[in-house]
Amino acid sequence: MDNCLFCKIAAKQVPASVVYEDDELLAFKDINPAAPVHLLVIPKKHIATLTEAQPEDTVLLGKMLALAPKLAEEHGVSVVYGNDGSPTRGYKTLVNSGPDGGQVIYHLHMHIYGGPRPWRGMH
Ligand code: 5GP
Ligand code: ZN
């Protein structure tokens with residue numbers, strides 16, 4: 001897609017702090033982090049919103065979600081269970097769709113937020 005910022009990041013035409021890459025996905029640090037850890041996971045192919053994802057994209061969507069715990073682990077925000085079995089730390093995964101969903105960049109992306117709170121504008 002011409003003139004899509006995240007397509008340009010995927011094509012390395014716009015720089016980004018990349019933390020993960022494979023044939024289908026790219027993950028990079030959000031330029032304006034709302035939490036101590038704030039990553040974005042995108043498909044390299046252009047899908048404008050979750051609404052445009054097709055049945056054949058289901059595996060790709062699953063790969064995006066499945067990447068979250070791996071990146072959370074690498075960035076020190078994975079869920080860790082204490083001696084009493086209670087969970088600590090953790091992270092949030094979020095996909096905004098459309099204006100009412102808070103989407104600003106129209107190339108599908110999943111946010112991963114983590115780290116000590118408070119986080120900007122979120123509970
Ligand atoms: P949305 O509101 O569309 O779900 O989120 C878009 C996100 O992209 C925002 O958190 C914003 O900070 C981030 N963002 C916008 N432009 C850039 C950029 O050029 N580079 C990076 N790394 N993140 C960006
Ligand atoms: Zn795009």
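Quick caveat, the model's predicted, so the values are computed rather than measured. As the structure lists them, so they are numbered: ligands from 1, and atoms in each ligand from 1.
Taking each heavy atom of A27 and V41 in turn, the nearest pair found is CB-CG2, 4.0 Å. Nearest heavy-atom pair across E74 and V19 is OE1-O, 4.4 Å.
Counting just the N/O/S atoms of H107, the one with the shortest distance to the Zn ion (ligand 2) is named ND1.
Near N32, meaning under 4.0 Å from any of its heavy atoms, are these atoms of ligand 1: 12 (O). Residue Q103 has at least one heavy-atom neighbour below 4.0 Å for each of these atoms of ligand 1: 3 (O). Under a 4.0 Å criterion applied to the non-hydrogen atoms of H111, ligand 1 contributes the atoms 1 (P), 4 (O), 5 (O), 7 (C), 10 (O).
Annotation: atom 12 (O) of ligand 1 to nearest protein heavy atom, D30 OD1, 2.5 Å. Ranking protein heavy atoms by distance to atom 17 (C) of ligand 1, first place goes to I31 CG2, 3.6 Å. Here the heavy atom of the protein found nearest to atom 16 (N) of ligand 1 is L5 CD2, 3.4 Å. Considering only non-hydrogen protein atoms, atom 22 (N) of ligand 1 sits nearest to K29 O, 2.9 Å. Taking atom 5 (O) of ligand 1 as the reference point, the nearest protein heavy-atom neighbour is H109 NE2, 3.1 Å. Closest to atom 3 (O) of ligand 1 among all protein heavy atoms lies V104 N, 2.7 Å.
With the Zn ion (ligand 2) as the vertex, atom SG of C7 and atom ND1 of H46 span an angle of 110° (nearest 10 degrees).
Atoms CZ and CG, on F6 and L40 in that order, are 5.0 Å from each other to the nearest 0.5 Å.
At least one heavy atom of G102 sits less than 4.0 Å from an atom of ligand 1. The closest approach between a heavy atom of L40 and any atom of ligand 1 is below 4.0 Å. Heavy atoms of F6 come nearer than 4.0 angstrom to ligand 1 in at least one pair.
Two residues are said to be in side-chain contact when any heavy atoms from C-beta on lie closer than 4.5 Å; I47 and L60 meet this criterion. Within the 4.5 Å cutoff, the side chain of H107 has no heavy atoms near those of the I9 side chain. At least one side-chain heavy atom of N32 sits less than 4.5 Å from a side-chain heavy atom of R120.
Between D22 and K63, none of the side-chain N atoms (NZ, or NE/NH1/NH2) sits under 4.0 Å from a carboxylate O, so this pair counts as no salt bridge.
Taking any N or O of N96, backbone or side chain, at least one lies under 3.5 Å from an N or O belonging to ligand 1. At a 3.5 angstrom cut-off on N or O pairs, V14 does not count as close to ligand 1.
Taking the six-membered ring for Trp and thresholds of 30 and 60 degrees, H111 and H109 have ring planes more than 60 degrees apart, a perpendicular arrangement. Ring pair Y113/H38 is tilted by interplanar angle, where 30° to 60° counts as tilted.
No option in E24, M64, M110 other than M64 meets the side chain to side chain contact (heavy atoms under 4.5 Å, CB included) test with P43.
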